[in-house]
2 protein chains.
Amino acid sequence: MKTETRRQNLRDALIAAAERAIAANGLAGVKARDLAAEAGCAVGAIYNAVADLDELVFAVNGRTLAALERSLDDAARPARKKAASPAEAATARLVHLAVAYLEFVAANTPRWRAVFEHRLPDGRAAPDWYVAEQSRLFTYIEAPLRDLQPELAAGQHALAARTLFSAVHGIVTLGLEEKLGVVPLAMLRAQIEIFVAALAGGLVATRSR
Amino acid sequence: MKTETRRQNLRDALIAAAERAIAANGLAGVKARDLAAEAGCAVGAIYNAVADLDELVFAVNGRTLAALERSLDDAARPARKKAASPAEAATARLVHLAVAYLEFVAANTPRWRAVFEHRLPDGRAAPDWYVAEQSRLFTYIEAPLRDLQPELAAGQHALAARTLFSAVHGIVTLGLEEKLGVVPLAMLRAQIEIFVAALAGGLVATRSR
DNA sequence: TTTTCCTATTGAACGTCGTTCAAGAACGGT
DNA sequence: ACCGTTCTTGAACGACGTTCAATAGGAAAA
């Protein structure tokens, strides 16, 4: 069964080539002929290792999600400062997470943009493993949110985590995108710290009303 | 000078065709041959009325920005409830603006997505009139923010307006994009009301510290 | 009006893209 | 060693944005 290993090797080479292409030129840099040249095969051979170029993009995006998770884990490890209250500790963790997200995206901008720019045609859906990976990342946000608003129903935390992530994602994405005025990274970090802290504080205040 | 009016007419027809194409099939629906067929001209004639297809997209996006501004104006008109404090009035206006934004985007999803999906190749910049239009829209956010945090330096309000817009934009965009779980519009509106109100409340609380 | 020049218009053609396919090469089981 | 199956190849296909030589037609001069 050497043909199967060769197929796997080609697949890996293509994924690696696609990852380099995305890092260098974004999603638009993923071109069948270039990938074939870099992986050392003919254009047509791509379609034995992979159904689509879309499948390659999903593979690369999956690796990017895994890399983000590693960054979030590293960011969560240290810190552990004493906090006056559980709510303050939760707020600090949310701010920390948001800043870690900002820094990951800043350090991996083209790779990360590919995660959100990629759209598959018509009604085709993302692979299950990909959705699962994406979903699991939200648990990082749900845990502090539970500490922040323990009285909320279970499903509400998942919804709030989506909303909070979307908000931070918007700030990070539009901030790094220089479409409307260039915002230095340090200023962006400061804004995120202010806004996430204010948001968390506001949520806690809402609770007691 | 009939040729000049004909050129203008063709330009208008092409913009209208592009707008229909975007509304129906998104940015990817803008195709030279289809536009030419719908505008009743040959493919090559497009390039007499317009430099690029990008120019057409910018024209359509400009119209979309104008439509958003009309929606925001309409949304700002009524309401005018009595508020206990300037801060509460400002918060209510920010929530109102965010909800109006959500509803505009929900009612014009493909058109609005085109505004953010459109990327021009290499180092070409957006036209000046387009940047100005986009910039002017931020003043809608800056005014309530000034009421909310009067002690902030002038430039800070512009920065905070960008950040707040980015956050709401993230919530709206990822919420309407059904990539990760479908969130009903009503639920999305509730989330926005909660989050913007909490954020505004948190910002006010930060001020007094 | 007639003639002339110039520019607008046309649609075939170019280069690039993802994907497919007929042909030939290489593999795996017997 | 053989043969059926499968993989690999690169030319070919259709679609895309854009360009261009050829032609048609309007504007200015006679």
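Keep in mind that this is a model prediction, so the values were computed, not measured. Here is how names work: the chains are called A, B, and so on, in the same order as the sequence lines, proteins then strands, and each is numbered from 1.
Between B:R7 and C:dA8, a side-chain N or O to OP1/OP2 separation shorter than 4.0 Å is present. The phosphate of D:dC7 (OP1 or OP2) has no side-chain N or O of A:N48 nearer than 4.0 angstrom.
Rounding to whole angstrom units, CG of residue B:L14 and P of D:dG17 are separated by 13 Å. At whole-Å resolution of the value, CG in B:D52 and P in D:dG17 are 11 Å apart. Here the P atom of nucleotide D:dT18 and the CZ atom of B:R124 are 9 Å apart, to the nearest Å. Between the NZ atom of A:K31 and the P atom of C:dC17 there is a distance of 4 Å, rounded to whole Å. The distance between atom OH of A:Y47 and atom P of D:dG10, rounded to the nearest whole Å, is 16 Å. B:D54 places its CG atom 16 Å from the P atom of D:dC16, with the value rounded to the nearest Å. Remark: P of D:dC7 and CD1 of A:I46 are 16 Å apart, rounded to the nearest angstrom. Atom CG in A:L10 sits roughly 12 Å away from atom P in D:dC7 (whole-Å rounding).
One finds the CD1 atom of A:I194 at 8.0 Å from the CG atom of B:L203 (value rounded to the nearest 0.5 Å).
Classification of the A:W112-A:F104 ring pair by plane angle, with boundaries at 30° and 60°, yields perpendicular.
For A:L53, the side-chain atoms get nearest to C:dT19 when compared with the rest of C:dA8, C:dT19, D:dT8. Among D:dT8, C:dG11, D:dG10, the nucleotide with an atom closest to any side-chain atom of A:V43 is D:dG10. Side chain of A:R33, nearest nucleotide from D:dT9, C:dT9, C:dC17: C:dC17.
Without hydrogens or angle criteria, A:R111 side chain to A:I22 main chain gives no donor-acceptor distance under 3.5 Å.
A side chain to side chain contact (heavy atoms under 4.5 Å, CB included) with A:L188 is found for one member of A:L174, A:L176, A:V172 and no other, namely A:L176.
Residue-environment remark: CZ (B:R63) stays at or below the threshold of 12 foreign heavy atoms within 6.0 Å.
At the heavy-atom level, B:V30 lies under 4.0 Å from the strands shown only through sugar-phosphate atoms.
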